[in-house]
Amino acid sequence: MKKIGVLTSGGDAPGMNAAIRAVVRQGIYEGLDIIGIKRGYAGIIDSDFEVMERGSVADIIHRGGTFLHSARCEEFRTKKGREKAIEQLKYGGIEGLVVIGGDGSFKGAQLLSQESDINVIGVPATIDNDIACTDYSIGYDTAMNTILDAINKIRDTATSHERIFVVETMGRHSGFLTLMCGLAGGAESILIPEIDFSIENVCKKLKHGYDRGKLHSIILVAEGIGDDFKPNRDVSHSKAFALSKEISNRMGFETRVTVLGHLQRGGAPTAQDRIMASRLGAVAVKLLLNGETNKMVGIIHEEVKSFKIEEALEGQKEIDRDIYELANILSM
Ligand code: ATP
């Protein structure tokens, strides 16, 4: 193998830059030519390629986002689109590819490796941390710290004004971020898609606190709870607003909503994300050199391991219910 490409795809995550840097520098160290592909799979189809030198990735390890840019590419979901992509990769002499992204990007990587002789390795990067076969994905730790920072600030004002704050975090299908931040941030209630909740219990807990003289509370809500929570669908597309209104109506308390939104995706990656991104990116290159394909790299008990992409796509990462229980007990 002489030439490999690297791209970032799907939602951006802090630490993607550190992963690109690792792929580029490890690749150059191994004597490979490295091509940076802009805008994920769309950049393959458009042949948006750039030769990477050591200096191309200088001064990016500490930056959030991805300097190669990311995109969602509908065309790549079609066989025709992928045929175009394969043609461009072949034309560019690219024999191996490192795909840094989430599970959607992994599905694309799997198809690319099955439909061509280009070797493909996936590196998990998503703040949701919902990819199986790895304890953590790149960006998760930074996003947790960003959310905690926001909760700390909200707590100051919640305490000063004796108010209930409903704080909405990212996580359409997965509650990892919300659960861990709820535990670390001391949230009074944590509502996530994986665990059923009742508005009665949320209110009961608030009442219990109120009876003890506690006049402020933080309720942390993953955006994905929406599907089961429909008391006020017309109020807003955000379930945090619906929930807040319902609590206010039932309890007569003043409530406020903060939707953290995209700020959760930004910021300088934490040490943990940079270290993990560096390790995973470097191993991805080594796997390509070993002739491996259709695999992903992950961190299991602090060790870098590789798995078939299929295992990651089919595996289900489970929420730790003991942690949910613990957060519940500690916030009584
Ligand atoms: P995040 O977890 O942040 O959403 P992701 O990688 O899961 O990241 P997606 O938008 O699901 O993000 O996927 C990124 C891109 O991967 C898509 O725009 C598409 O180009 C490609 N992709 C996703 N699913 C498939 C699929 N089933 N077949 C082919 N390509 C796919």
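What you see below is based on every heavy atom in this structure, not just the backbone, and it leaves out hydrogens, waters and symmetry mates. Ligands are counted one by one from 1 in listed order, and the atoms in each one are counted from 1 as well.
Between the CD1 atom of Ile319 and the CE atom of Met180 there is a distance of 7.0 Å, given to the nearest 0.5 Å. The CZ atom of Arg279 sits 8.0 Å away from the CD atom of Glu303 when rounded to the nearest 0.5 Å.
Here is the list of ligand 1 atoms found below 4.0 Å of a heavy atom in Ser9: 14 (C), 15 (C), 16 (O). Of all atoms in ligand 1, numbered sequentially from 1 with element shown, those under 4.0 Å from a heavy atom of Gly11 are 1 (P), 3 (O), 8 (O). Every atom of ligand 1 is numbered from 1 in the order shown, and the set under 4.0 Å from a heavy atom of Tyr41 is 16 (O), 20 (O), 21 (C). Set against the non-hydrogen atoms of Phe76, the atoms of ligand 1 under 4.0 Å away are 20 (O), 29 (C), 30 (N).
A donor-acceptor contact closer than 3.5 angstrom links the side chains of Ser331 and Lys205. Using a 3.5 Å distance cut-off with no hydrogens or angles, the side chains of Asp273 and Thr142 do pair a donor with an acceptor. Between the side chains of Thr169 and Thr178, at least one donor N or O lies within less than 3.5 Å of an accepting N or O.
Taking distance alone, with nitrogen or oxygen atoms compared against 3.5 Å, Arg72 approaches ligand 1 more closely than that limit. Checked against a 3.5 angstrom limit, the closest N/O atoms of Cys73 and ligand 1 fall inside it. When only interatomic distances are considered, the shortest N/O to N/O separation between Arg82 and ligand 1 does not fall below 3.5 Å. Among the atoms of Asp128, none of the N or O lies under 3.5 angstrom from an N or O of ligand 1.
The residue from Gly122, Gly104, Ala109 that puts a heavy atom closest to atom 5 (P) of ligand 1 is Gly104. Closest heavy-atom approach to atom 30 (N) of ligand 1 among the candidates Gly108, Gly40, Gly102, Ser70: Gly108.
No more than 12 heavy atoms of other residues, nucleotides or ligands sit less than 6.0 Å from atom CD of Glu87.
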Does the salt bridge (Lys or Arg N to Asp or Glu O under 4.0 Å) test come out yes or no for Arg72 and Glu74, once each step is laid out?
-> CA-CA 7 Å; Arg72 305 205 194 257; Glu74 284 310 306; over 6 Å; no

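Using bins of under 30°, 30° to 60° and over 60° for the plane-to-plane angle, the ring pair Phe176/Tyr140 lands in the perpendicular bin.
Remark: distances from the non-hydrogen atoms of Leu111 to ligand 1 include one below 4.0 Å.
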